[in-house]
Amino acid sequence: MDKTIGIFGGGQLGRMMAQAALPLNIQCTFFEAQQDCPAAALGHVFSSQAEHGLSAFIQSADVFSLEFENTPLEDVDALSQTKSIYPPRQALAIAQNRLSEKTLFNQLDIPVAPFKAVDSLDSLKQAVSELGLPIVLKTATGGYDGKGQFVLRQADQIEQAWAELGPAQSLIAESFVTFSREVSIIAVRGQNGEVKTWPLAENHHHHGILSHSIVPAPNSIDLQPVAQDYITRLLNHLNYVGVLTLELFVTEQGLFANEMAPRVHNSGHWSIEGAVCSQFENHIRAVAGLPLGSTDVIRPTVMVNIIGQHPKSEDVLALNGAHLHLYNKTEREGRKLGHITLMPVNSEDLVGLCRQLAQILPEPLALKADMTL
Ligand code: AMP
């Protein structure tokens, strides 16, 4: 092996990074609490629970990355004394706090919904009077997939919202954005500053969890350069290396940024088959200091998450143009177990293929049979 990359986290994102790394003669190691994590089949897992787990992990690799944005900054600091980590610490620190994130978006002239910091019942009342209703109240740290959120529609909910989210933590109150769809842009920046961007993905959620992504996002020719400009501002400002994701709302006033993820992203899984070079391979290339690959799309693609229950593999693979990715996880409600990439030879067949897939996915159905492209 030419190089070893140590990855904080050993979930499916780490697994798919390591799958992309192997053909380049790059080995991955992982730092993770669960020994039987999805990445375990691909490289050694150093236990984050063991007494000297972190120092053994730091010794195990030449350079580091992460698949989990809540990677503790103390761990990053411990390794930074002797080794490098990409993305940079600053990007991680900002992405861990919604207030810092939204402040950075403002600073870089990336549109965001008006927001206010909230740390007391009085400041929540003040935010409601300044921003108006409805507002979305979120924990500043730790929330994901819509958890740690309260949509405040009426003034008589203020106390309830504060009681549910407030007392222990810092919050952000954001104006409610009326959007027609949610999209994400994923880009990669190399160690030489080169930036490459994949096309926008249109993302559909079910119970707060990504259900499927359509790429390129339909009717997005005008949005693509705008989103590309926003993410490039972030990448250059942060002197970023690796893959960055920016989630955006499409509104009548244009794109509004919601949040960034300093890592490969579920809405980019389509790129394994659908792009010349996937988000995983380009992330590994960037972290290893190698030239970046093309982010061009091969054919329009739909990525469907497998959530909670596995479909029969033979049913999925009987569909012409379906690729199955399983993460070696056990079934549990709301858990991401794998994904399916639909990429028929003729892109006109994509809607039909989606409908066929919707018939064979077990309940709860992640993909609505009436989906439109
Ligand atoms: P987040 O945890 O910030 O990704 O939010 C989860 C979901 O809540 C988003 O995908 C949106 O559907 C919705 N959401 C978050 N923020 C807002 C907002 N300011 N206005 C309207 N909907 C929002």
Side-chain angles (χ1 to χ4, degrees), residues 13 68-70 91-92 94-106 110-118 124 127-154 157-158 161 164-166 169-186 200-215 217 220 223 227 230-231 234 244-269 303-305 307 334 336 366-368 371:
L13 302 180
F68 176 53
E69 67 260 42
N70 286 317
L92 187 61
I94 290 172
Q96 287 181 359
N97 188 307
R98 291 181 192 273
L99 282 162
S100 330
E101 194 174 77
K102 292 253 152 70
T103 305
L104 175 65
F105 294 161
N106 265 344
I110 299 171
V112 286
F115 66 92
K116 292 273 162 207
V118 167
L124 176 57
V128 169
S129 79
E130 284 178 35
L131 299 173
L133 288 173
I135 61 169
V136 184
L137 191 65
K138 304 177 181 177
T139 54
T141 58
Y144 65 96
D145 283 346
K147 295 187 177 66
Q149 289 196 17
F150 192 107
V151 181
L152 232 170
R153 296 184 187 278
Q154 294 155 209
Q157 293 175 299
I158 292 179
E164 279 188 25
L165 296 186
Q169 38 199 344
S170 142
L171 303 179
I172 179 171
E174 297 173 10
S175 287
F176 189 90
V177 179
T178 305
F179 57 85
S180 55
R181 10 186 218 148
E182 295 186 67
V183 294
S184 55
I185 185 110
I186 304 183
L200 280 163
E202 181 180 299
N203 300 324
H204 296 259
H205 300 87
H206 186 72
H207 296 313
I209 301 172
L210 183 68
S211 137
H212 60 278
S213 297
I214 305 168
V215 189
S220 61
L223 302 177
Y230 293 161
I231 199 163
L234 285 164
L244 177 72
T245 306
L246 182 62
E247 295 182 28
L248 300 146
F249 298 128
V250 181
T251 77
E252 282 182 1
Q253 292 76 43
L255 292 172
F256 277 67
N258 179 31
E259 63 179 353
M260 65 178 195
R263 54 169 171 78
V264 291
H265 194 260
N266 196 170
S267 65
H269 292 1
M303 186 285 313
V304 180
N305 270 338
I307 298 168
K336 290 177 184 168
L367 178 68
K368 292 191 185 70
M371 70 174 290

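One is the number of the first residue; the rest follow in order along the sequence. Each ligand, and each atom within it, is numbered from 1 in the order the structure gives.
- Of all the heavy atoms of Val177, the ones lying under 4.0 Å from any atom of ligand 1 are found in both the backbone and the side chain.
- Listed here is the closest heavy atom pair of Val112 and Phe256: C-CD2, 3.4 Å.
- Contact annotation: the side chain of Leu255 approaches that of Val250 to within less than 4.5 Å [non-hydrogen atoms, C-beta and beyond].
- Side-chain contact of Ser211 with Asn305: a donor-acceptor pair under 3.5 Å is absent, judged by distance alone.
- Among the candidates Lys102, Gln149, Lys116, the single residue satisfying the side-chain hydrogen bond (donor to acceptor under 3.5 Å, both in side chains) test with Glu174 is Lys102.
- Close approach of ligand 1 to Glu259 is summarised as follows: ligand atoms under 4.0 Å from at least one heavy atom of the residue are 1 (P), 4 (O).
- Checked against a 3.5 angstrom limit, the closest N/O atoms of His205 and ligand 1 fall outside it.
- Scanning Glu247, Gln149, Lys102 for the heavy atom closest to atom 7 (C) of ligand 1 points to Gln149.
- Ligand 1 has Ser175 within reach: a non-hydrogen atom of the residue lies less than 4.0 Å from it.
- Distances below 4.0 Å separate heavy atoms of Phe179 from the following atoms of ligand 1: 12 (O), 21 (C), 22 (N).
- Across Phe256, Phe176, Phe249, heavy-atom proximity to atom 17 (C) of ligand 1 is greatest for Phe249.
- Residue Lys138 has at least one heavy-atom neighbour below 4.0 Å for each of these atoms of ligand 1: 3 (O), 15 (C), 16 (N).
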Worked check of side-chain hydrogen bond (donor to acceptor under 3.5 Å, both in side chains) between Ser213 and Asn203: CA-CA 5 Å; Ser213 297; Asn203 300 324; 2.8 Å; yes

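- Shown in contact with Val136 at under 4.0 Å from a heavy atom are these atoms of ligand 1, numbered in order with element: 17 (C), 18 (C), 19 (N), 20 (N).
- No side-chain heavy atom of Val215 sits under 4.5 Å from any side-chain heavy atom of Met303.
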